[in-house]
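Below is one structure; the comments refer to it alone.
For the numbers below, each heavy atom of this structure counts, side chains included, while hydrogens, waters and symmetry mates do not. Counting from 1, the numbers follow the sequence of the chain as shown.
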Amino acid sequence: MSELERTLAFHIRARKLPVPVREYRFAAEATGGTGPGVRTRLADSGLKDWRFDFAWPDLMLAVEVEGGAWVGGRHTRGKGFIEDLKKYQEAQRMGWTIYRTAGELIKNGEAVKVIGELMEAMSETRAS
């Protein structure tokens, strides 16, 4: 877990938000789970064994911590950026809401505020 992910996890606990699943394998779960045969099921579905940094599967809410924005990290360079877009595209096709955040927003508390607001809105929508 990166330092930013640890900080966000701390903020989530401090706000007493529901505990997320870390490194949630959403594509594997969508194709029958993470057990035997997962690689074959993923390949047959044209998916990869993608993971979300934080996920609340009951809400279909995922949070991705995008590191390296100012230093040319993997998420901001061509190939890595495109691969992330493919991941988000497939997750959205499955019905996931994805909140992408970065260091400054995590450190100043904006990210956890938005996560709480998204959870509240999604809970209300599901209750309707």
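Contact detail for T34 and A28: the closest heavy-atom pair is CG2-CB, 3.9 Å. Nearest approach of S123 to L59, heavy atoms of both residues: OG-CD2, 3.7 Å. Closest approach of L4 and I106 over heavy atoms only: O-CG2, 3.8 Å. Taking all atoms of both residues into account, the shortest heavy-atom contact from T101 to A111 is OG1-CB, 3.4 Å. The two residues F81 and R100 have their closest heavy-atom pair at CE1-NH2, 4.5 Å.
Residues V21 and M94 share a single hydrophobic cluster, defined by chaining ILVMFWY side chains whose heavy atoms lie under 4.5 Å apart.
Salt-bridge check for K86 with E83: passed, with a basic side-chain N closer than 4.0 Å to an acidic carboxylate O. At a threshold of 4.0 Å, the pair E110-K113 does not count as salt-bridged, since none of the basic side-chain nitrogens sits closer than that to a carboxylate oxygen.
Q92 meets the side-chain contact (heavy atoms from CB on, under 4.5 Å) test with I98; sequence neighbours excluded. Applying the side-chain contact (heavy atoms from CB on, under 4.5 Å) criterion to T31, with sequence neighbours excluded, gives R41, L42, S45, L47. Residues passing the ring pair (Phe, Tyr, Trp, His ring centres under 6.0 Å) test with Y24, sequence neighbours excluded: W96.
At a threshold of 4.5 Å between non-hydrogen side-chain atoms, the residues R51 and F26 do not count as touching. Residues V19 and R13 form no side-chain contact, since every pair of their non-hydrogen atoms from C-beta on lies 4.5 Å or further apart. Annotation: side chain of Y99 is not in contact with side chain of T97 (no heavy-atom distance under 4.5 Å). Within the 4.5 Å cutoff, the side chain of P18 has heavy atoms near those of the M119 side chain. At least one side-chain heavy atom of Y88 sits less than 4.5 Å from a side-chain heavy atom of E64.
In this structure a side-chain-to-backbone donor-acceptor pair under 3.5 Å is missing from R25 to D49.
Within 6.0 Å of CD on E120 lie no more than 12 heavy atoms contributed by other residues, nucleotides or ligands.
One distance of note links CD1 of I12 with CZ of F54; it measures 5.0 Å at 0.5 Å rounding. The distance from the OG1 atom of T7 to the CE atom of M1 is 10.0 Å, given to the nearest 0.5 Å.
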Under the side chain to side chain contact (heavy atoms under 4.5 Å, CB included) criterion, do E90 and R93 qualify, and how do the steps go?
-> CA-CA 5 Å; E90 292 303 324; R93 281 185 175 145; 2.6 Å; yes
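For the pairing with V63, the side-chain contact (heavy atoms from CB on, under 4.5 Å) check across V114, D53, L118, I115 returns one residue only, I115.
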